[in-house]
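The residues of the chain are indexed from 1 along the displayed sequence.
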Amino acid sequence: MVAFDFVKSPITKIVDAIIIESSKSGASDIHFDPRENGMMVRRRIDGELMDYTFIPKVYERNLTTRLKLMSGMNITESRLPQDGAIKGKFGEKDLDMRVSCLPTNEGEKIVIRILDYSKSLDGIEELGFNDENFVKLKNMIAVPNGIILITGATGSGKSTTSYSILQVLNKEETNVITVEDPIEMNIEGLNQVQVNSEIGLDFATVLRSILRQDPNVILIGEIRDSETAKIAVRASITGHLVISTIHTNNSLSTIERLLDMDVERYLLSTALTGIISQRLAKTVCQHCKITRKASPYEKKVFKLALNKDIDEIIDANHDGCEHCNKGYRGRIAIQEVLEIDDFIRAALNNPEIDKEELKELVYGSGNVITLLQDGLRKILDGSTTFEEIYRIIEIDNDINDSCYISDTSKLSEDERLKIEEERSRELSELKKMREVSNANVATSTTSIVQPTDAKNVSDILPVVPSNLNATNNVVPNVDQVVINIDNNESDNKSVSDITPIETEDIVNSLIPEVPNNLEIKE
């Protein structure tokens, strides 16, 4: 963490410094979290929140007011949530930011999202699609009418993929209209509409008007309700290419969600062109990555999902280096692309087909590379790690989809049953291996200290030395530096300025004396 000199530096320069440094570090969000003693500033870098600095309580109101003024919010209103935007030059970079303010019991929490359009402007070639999925994507956007859905959780890169596709479709002879909430990126040549629910301008209302504007391509920011889904599907079968996003886990759950929204089967089977499901995984640092032996659980996953035998895999060096953050730098997309064919269209039109039959039709054809399979491939090419894939993908659920045998329609009933039994046995073994692996990790990394007589945690915490620069009961890190914005002078010593004896004295003063009556269990 760093600390700013609030006495010598004005709050305006401190706010600018936080934004500039966060942008340089590649942060996607800056969180200003109100606490009892002040405000903690955290930054989300490569999807992970990390503490950056602490704002004393006496300066918290000034900083909040400054941010609300910059983003065009009402500074006299502190009881209701507000939204705003900041556009301008910070340092040497033009930044476009979205700002959200939320009243909490400790004060107003503000989150700044730094919008980065570089990936969208680079084109669909830079989105990380593997060769098979990239061919499917090009086939899907070449269709003159239909609906393409991009699915995934919040923060999985859906907007980046949507805008990249629009860049390809944005031509002189094409009328492209978007309906968004909010408009995240202004693109020359597009007609972009901002939804405003307070005046009745919702997605459904705008869509009805758009159809009278002679569009070729329609982008719907998100399908949130049944009415929007029905209008989007109907628009796609009347000669328009519709692109939209929806919050689902994979291709199969997307189809089920649309059917649950009461979209007619005969319309869905005709309109649906393809589904792109995606997640974002952190990219392993190429400068300090390491190679290690694969665990039995990892070997089993690779064998079941990719039918590959592995002995070693790439892993992140969590000590990190000057080029990365704990072994990772940047993020890469993990994708599953389903291109709707005639067999799936016929199944969608059949009201008697059940979920298991539809799943076998989608994943048993061999034409779909699941999220897990794409993630494992990117582990093998050194882009990410098994740790990341395990974090973002529900392996126990996805492994079942990845294990479907291709062309099951050519097998006899006895062969099918044999394959099902074998697959169930393998998946059961995998689950047991995972439980054993998790238990070993918990045992090796957990130590418990149980005070016998101490009434609360504060009884065993160290006393902060009076010579340390502690602000509002917050103990700074040993390597924390107080920054003076005006003259760039340091009021505290950094680690490099402290002699070995001084460093040892500081560290020893922070270590608590363990009471004799503590029982330590390993």
Side-chain angles (χ1 to χ4, degrees), residues 81 83 98 100 140-141 143-156 158-159 161-163 165-166 169 175-185 190-278 338 340 344-345 347-351 353 355 358:
D83 293 312
R98 298 288 180 267
S100 174
M140 286 156 51
I141 63 179
V143 176
N145 60 280
I147 184 168
I148 300 172
L149 293 173
I150 303 163
T151 79
T154 301
S156 59
K158 298 189 298 297
S159 296
T161 302
S162 301
Y163 281 126
I165 294 174
L166 285 186
L169 299 171
N175 178 23
V176 183
I177 305 180
T178 74
V179 193
E180 304 171 68
D181 184 23
I183 296 173
E184 294 189 12
M185 178 180 176
L190 301 189
N191 304 285
Q192 297 174 271
V193 181
Q194 168 75 53
V195 170
N196 188 348
S197 300
E198 293 181 0
I199 61 173
L201 191 67
D202 55 18
F203 281 104
T205 303
V206 177
L207 278 173
R208 294 190 193 95
S209 299
I210 281 179
L211 295 178
R212 295 190 288 271
Q213 290 285 321
D214 186 31
N216 299 106
V217 179
I218 302 171
L219 170 69
I220 304 172
E222 182 183 348
I223 293 179
R224 298 177 178 174
D225 52 47
S226 177
E227 187 177 10
T228 305
K230 290 178 179 179
I231 296 175
V233 169
R234 289 183 181 276
S236 66
I237 63 175
T238 55
H240 310 95
L241 178 60
V242 178
I243 301 168
S244 187
T245 67
I246 189 170
H247 289 287
T248 53
N249 292 328
N250 53 30
S251 303
L252 186 63
S253 60
T254 303
I255 295 173
E256 294 171 348
R257 176 71 59 81
L258 291 172
L259 293 175
D260 289 340
M261 287 181 170
D262 296 327
V263 177
E264 293 88 343
R265 283 181 172 272
Y266 72 94
L267 290 178
L268 184 60
S269 63
T270 305
L272 196 57
T273 299
I275 301 170
I276 302 169
S277 304
Q278 63 182 53
L338 172 64
I340 305 299
I344 298 178
R345 292 188 194 283
L348 289 176
N349 222 359
N350 180 11
I353 191 168
K355 178 180 177 180
L358 186 59

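- Closest approach of Leu358 to Ala347, counting heavy atoms only: CD1-CB, 4.2 Å.
- When side chains are defined from C-beta on, Leu207 counts as touching Ile218, because their heavy atoms get closer than 4.5 Å.
- Here the closest heavy-atom approach between residue Ser162 and residue Thr245 is recorded as OG-CG2, 3.7 Å.
- A distance of 8.0 Å separates OG1 in Thr151 from CD1 in Ile246, rounded to the nearest 0.5 Å.
- For the atom pair Ser277 OG and Ile150 CD1, the distance stands at 10.0 Å (nearest 0.5 Å).
- A donor-acceptor distance shorter than 3.5 angstrom exists from the side chain of Asn175 to the backbone of Gln213, with no hydrogens or angles considered.
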Glu222/Asp181 under side-chain contact (heavy atoms from CB on, under 4.5 Å): CA gap, chis, key distance, verdict: CA-CA 8 Å; Glu222 182 183 348; Asp181 184 23; over 6 Å; no
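- The two residues Ile183 and Val193 have their closest heavy-atom pair at CD1-C, 3.9 Å.
- Side-chain contact between Met140 and Ile276 is present, with heavy atoms from C-beta onward closer than 4.5 Å.
- The OG1 atom of Thr270 sits 12.0 Å away from the CD1 atom of Ile340 when rounded to the nearest 0.5 Å.
- Counting heavy atoms from C-beta outward, Leu338 and Leu252 have side chains that stay 4.5 Å or more apart.
- Proximity of Ile177 to Val206: side-chain heavy atoms (C-beta onward) are nowhere separated by under 4.5 Å.
- Ile223 is listed as a side-chain neighbour of Met261, based on a closest heavy-atom distance under 4.5 Å.
- Using a 4.5 Å heavy-atom cutoff, the side chains of Val176 and Leu219 are not in contact.
- Enclosure of atom CZ in Arg224 by more than 12 non-hydrogen atoms of other residues, nucleotides or ligands within 6.0 angstrom is indicated.
- Put simply, NZ on Lys355 and CD on Glu256 are 4.5 Å apart, with the number rounded to the nearest 0.5 Å.
- Under a 3.5 Å cut-off, the side chain of Lys158 and the backbone N or O of Ala153 do form a donor-acceptor pair.
- Of the inter-residue distances, the one linking Glu264 atom CD with Ser269 atom OG reads 10.5 Å to the nearest 0.5 angstrom.
- Nearest heavy-atom pair across Thr228 and Ala204 is OG1-N, 4.1 Å.
- With values rounded to the nearest 0.5 angstrom, Ile210 atom CD1 is found 9.0 Å from Asn191 atom CG.
- Residue Thr273 comes nearest to Gly146 through the heavy atom pair OG1-CA, 3.3 Å, listed as atom of the first residue, atom of the second, then distance.
- Closest of all the heavy-atom pairs between His240 and Leu211 is CE1-CD2, 4.0 Å.
- A donor-acceptor contact shorter than 3.5 Å is absent between the side chain of Arg98 and the backbone of Asp83.
- Looking at heavy atoms from C-beta onward, Asp202 lies out of side-chain contact with Asp225 at the 4.5 angstrom threshold.
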Test log, rule side-chain contact (heavy atoms from CB on, under 4.5 Å), inputs Thr248 and Leu149: CA-CA 10 Å; Thr248 53; Leu149 293 173; over 6 Å; no
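- Within the 4.5 Å cutoff, the side chain of Thr178 has heavy atoms near those of the Leu166 side chain.
- The side-chain contact (heavy atoms from CB on, under 4.5 Å) test with Ile147 singles out one residue from Ile220, Val242, Ile237, and that residue is Val242.
- A donor-acceptor pair is defined here as one N or O able to donate and one able to accept, closer than 3.5 Å; such a pair exists between the side chain of Arg257 and the backbone of His247.
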